[in-house]
Amino acid sequence: MDRKEIADLVVGHVVDVPDFPHAGILFKDITPLFADGPAFRQVIDALVDHHGRASFDVVAGVEARGFLLAGAIGYATGAGVLAVRKAGKLPREVLTASYALEYGEATLEVHQDAIEPGQRVLVVDDVLATGGTAEATLSLVERAGGIITGFSVLIELAFLEGRARLAPRDVHALLTV
Ligand code: AMP
C-alpha cells in the first residue's frame with residue numbers, strides 16, 4: 001500500500017468523538033482500526049516497512065494503546081517489546097519522566113535496566129498531540145541507554161506542533177491531520 005492508501009485506511013477506521021475526555025477535545029478513537037484484522041495487519045506492515053525490520057532491536061509502546069502496536073510489531077519482526085508505563089506499575093527500580101498535560105501532570109516510567117546500552121529503539125504510540133507524552137518517552141529511552149531510531153504514530157495532530165518538541169529525531173505518522 002502506498003502512503004495515500006494507508007492514510008485513507010486510517011481515516012476510514014477512526015471515529016472522531018467530540019468533547020472527550022474534556023470539552024473542546026476532538027478524540028481520535030482508533031479502536032475500530034484495531035478491531036479490523038486486515039486493516040490492523042496493513043497498519044502494522046506499513047509501520048514495519050517504513051522503518052525496515054532490521055533497523056531496531058526493541059520496540060517501545062506507550063501505555064496503553066501504544067502497547068497494542070508495539071506487541072504486534074515485536075511479533076512481526078522478532079524485536080523485543082518494551083512497555084513504557086504509567087507511574088506506579090513497575091515493580092523494580094525505575095527511571096521517571098513527568099510532563100504537563102492539559103489538566104495537571106502525568107508521569108511515565110521504565111525499568112532502569114530495561115534497555116541494553118546502545119540498543120536501537122523504535123517508539124510507537126497511537127496519536128501525537130502536543131508531544132508531551134512522546135518527549136517524555138523518548139527522553140526516558142535515551143536516559144536508559146537506548147538509541148532512538150524512530151518515532152511512529154498512527155495519527156499526528158499537526159496543529160498542536162508536537163513534532164517540533166521532538167526534533168531532531170525522526171517523527172513518522174501514517175496520517176497527518
Ligand atoms: P500529547 O502528550 O499531548 O502528545 O498526547 C498524546 C497522548 O494522549 C497519546 O498517548 C494519545 O493516546 C492521547 N491523545 C492526545 N490527544 C488525543 C486525541 N485528540 N485523540 C486521541 N488520543 C489523544
Side-chain angles (χ1 to χ4, degrees), residues 6-36 39-40 43-44 46-47 50-51 56 58-74 81-90 94-110 114 121-144 146 148-177:
I6 281 288
D8 288 346
L9 183 82
V10 175
V11 169
H13 289 79
V14 169
V15 179
D16 285 350
V17 183
D19 299 323
F20 182 88
H22 303 290
I25 304 285
L26 184 63
F27 190 83
K28 299 286 183 186
D29 176 19
I30 42 90
T31 57
L33 184 60
F34 290 130
D36 181 322
F40 183 52
V43 157
I44 296 300
L47 293 173
H50 176 82
H51 293 283
F56 53 92
V58 176
V59 56
V62 186
E63 186 166 356
R65 288 178 295 264
F67 290 177
L68 299 168
L69 297 169
I73 293 170
V81 174
L82 170 65
V84 178
R85 301 223 54 181
K86 290 178 177 157
K89 307 278 189 186
L90 292 170
V94 293
L95 297 172
T96 294
S98 295
Y99 59 101
L101 287 176
E102 218 182 341
Y103 300 100
E105 193 176 76
T107 299
L108 292 174
E109 296 179 340
V110 294
V121 185
L122 169 65
V123 180
V124 292
D125 201 3
D126 61 336
V127 173
L128 174 64
T130 66
T133 305
E135 192 177 25
T137 301
L138 298 181
S139 87
L140 270 182
V141 167
E142 287 170 347
R143 279 164 54 207
I148 303 287
T149 59
F151 172 63
S152 268
V153 289
L154 300 182
I155 304 172
E156 173 186 9
L157 306 179
F159 65 96
L160 292 172
E161 298 179 353
R163 176 182 287 266
R165 292 172 69 166
L166 309 178
R169 304 181 193 93
D170 172 40
V171 176
H172 164 244
L174 294 185
L175 171 68
T176 300
V177 295

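For reference, positions follow the sequence shown, starting with 1. For ligands, and for the atoms within them, numbers begin at 1 and follow the listed sequence.
Considering backbone and side-chain atoms alike, Val127 places every N or O at 3.5 Å or more from each N or O of ligand 1. Looking at Phe27 next to ligand 1, no N or O pair under 3.5 Å apart turns up. By the 3.5 Å distance cut-off applied to N or O atoms, Leu157 is not counted among the residues near ligand 1.
Distance from atom 3 (O) of ligand 1 to its nearest protein heavy atom, with residue and atom name: Thr130 OG1, 2.5 Å. Closest protein heavy atom to atom 19 (N) of ligand 1: Leu26 O, 3.0 Å. The protein heavy-atom contact nearest to atom 20 (N) of ligand 1 is Lys28 N, 2.8 Å.
Of the candidates Ala136, Gly131, Gly66, Gly162, the one placing a heavy atom closest to atom 4 (O) of ligand 1 is Gly131. Which of Val62, Leu101, Thr133 comes nearest to atom 2 (O) of ligand 1 through a heavy atom is settled by distance: it is Thr133.
In this structure, the side chain of Arg165 does not engage the main chain of Gly162 through any donor-acceptor pair within 3.5 Å.
Ligand-side atoms of ligand 1 in range of Asp126: 9 (C), 10 (O), 11 (C), 12 (O), range being under 4.0 angstrom from any heavy atom. Short contacts between ligand 1 and Arg65, defined as distances under 4.0 Å to a heavy atom of the residue, involve ligand atoms 11 (C), 12 (O), 13 (C), 22 (N). Per-residue contacts place Asp125 under 4.0 angstrom from the following atoms of ligand 1 (heavy atoms of the residue considered): 9 (C), 10 (O).
A donor-acceptor contact under 3.5 angstrom links the side chains of Thr107 and Ser98, judged on distance only.
Between Lys86 and Glu63 there is no salt bridge, since none of the side-chain N atoms of the basic residue sits less than 4.0 Å from a carboxylate O of the acidic one. Between Lys28 and Asp16, at least one side-chain N (NZ, or NE/NH1/NH2) sits under 4.0 Å from a carboxylate O, which counts as a salt bridge.
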